[in-house]
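The structure appears right after this line, and notes come after that.
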There are 2 protein chains.
Amino acid sequence: MKARVYVFLKSTVLDPQGQAVRNALAGLGHTGVADVRQGKVFDIMIEPGTDVESIAREVLTNPVVEEYRIEYPE
Amino acid sequence: MKARVYVFLKSTVLDPQGQAVRNALAGLGHTGVADVRQGKVFDIMIEPGTDVESIAREVLTNPVVEEYRIEYPE
């Protein structure tokens with residue numbers, strides 16, 4: 001069974017990595033890009049019953065500046 | 001308009017970052033986790049007509065070891 005956890009910086013937190021990507025794209029002529037935010041994604045193969053919620057909350061995310069979302073693909 | 005680009009290491013390429021997460025989870029008692037692969041995700045705000053495909057292929061991905069997927073949420 002597969003779970004997917006997305007971790008993004010909170011929208012109120014500055015994302016310098018995303019800004020760097022945006023500026024690089026602008027320099028390369030991709031002027032149609034208004035904003036970029038970069039996050040992490042974890043594809044986790046789990047046994048049924050595994051507590052993905054607590055893995056995401058306690059291990060994968062820094063709750064001060066980040067937020068997470070869990071999806072179960074397919 | 002929003003586009004989302006996922007960048008993962010190809011499945012044939014070793015993912016040491018994901019392995020480190022997996023080992024950390026095992027050490028913390030999350031034994032139900034068989035495998036973890038970590039990737040990057042870019043949320044890109046674009047003007048309609050922007051060539052996201054070429055942005056993903058030429059800028060965000062290293063084609064030697066990575067592969068990408070594009071989604072248009074909502």
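Below, chains carry the letters A, B, ... as their sequence lines are ordered, and counting in each starts from 1. Computed from a predicted model, the values in this text were never measured in an experiment.
Contacts with chain B (heavy atom to heavy atom, under 4.5 Å) involve these residues of residues 38-48 of chain A, listed by number: A/Gln38, A/Gly39, A/Lys40, A/Val41, A/Phe42, A/Asp43, A/Ile44, A/Met45, A/Ile46, A/Glu47. Applying a 4.5 Å heavy-atom cutoff, the residues of residues 6-14 of chain A that approach chain B are A/Tyr6, A/Phe8. Contacts between residues 56-73 of chain A and chain B, counted as heavy-atom pairs separated by less than 4.5 Å, involve A/Val59, A/Leu60, A/Arg69.
Highest contact tally toward chain B, considering only A/Val33, A/Ile55, A/Asp51, is held by A/Ile55 [criterion: heavy-atom pairs under 4.5 Å].
The heavy-atom pair separating B/Gly32 from A/Thr50 by the smallest distance is O-OG1, 3.5 Å.
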Taking only distance into account, with no hydrogens and no angle test, what donor-acceptor pairs under 3.5 Å do side-chain atoms of residues 19-28 of chain A form with protein atoms, sequence neighbours excluded?
unit_1	atom_1	unit_2	atom_2	d
A/Gln19	NE2	A/Asp35	OD1	3.3
A/Arg22	NE	A/Ala34	O	2.9
A/Asn23	ND2	A/Gln19	O	3.3

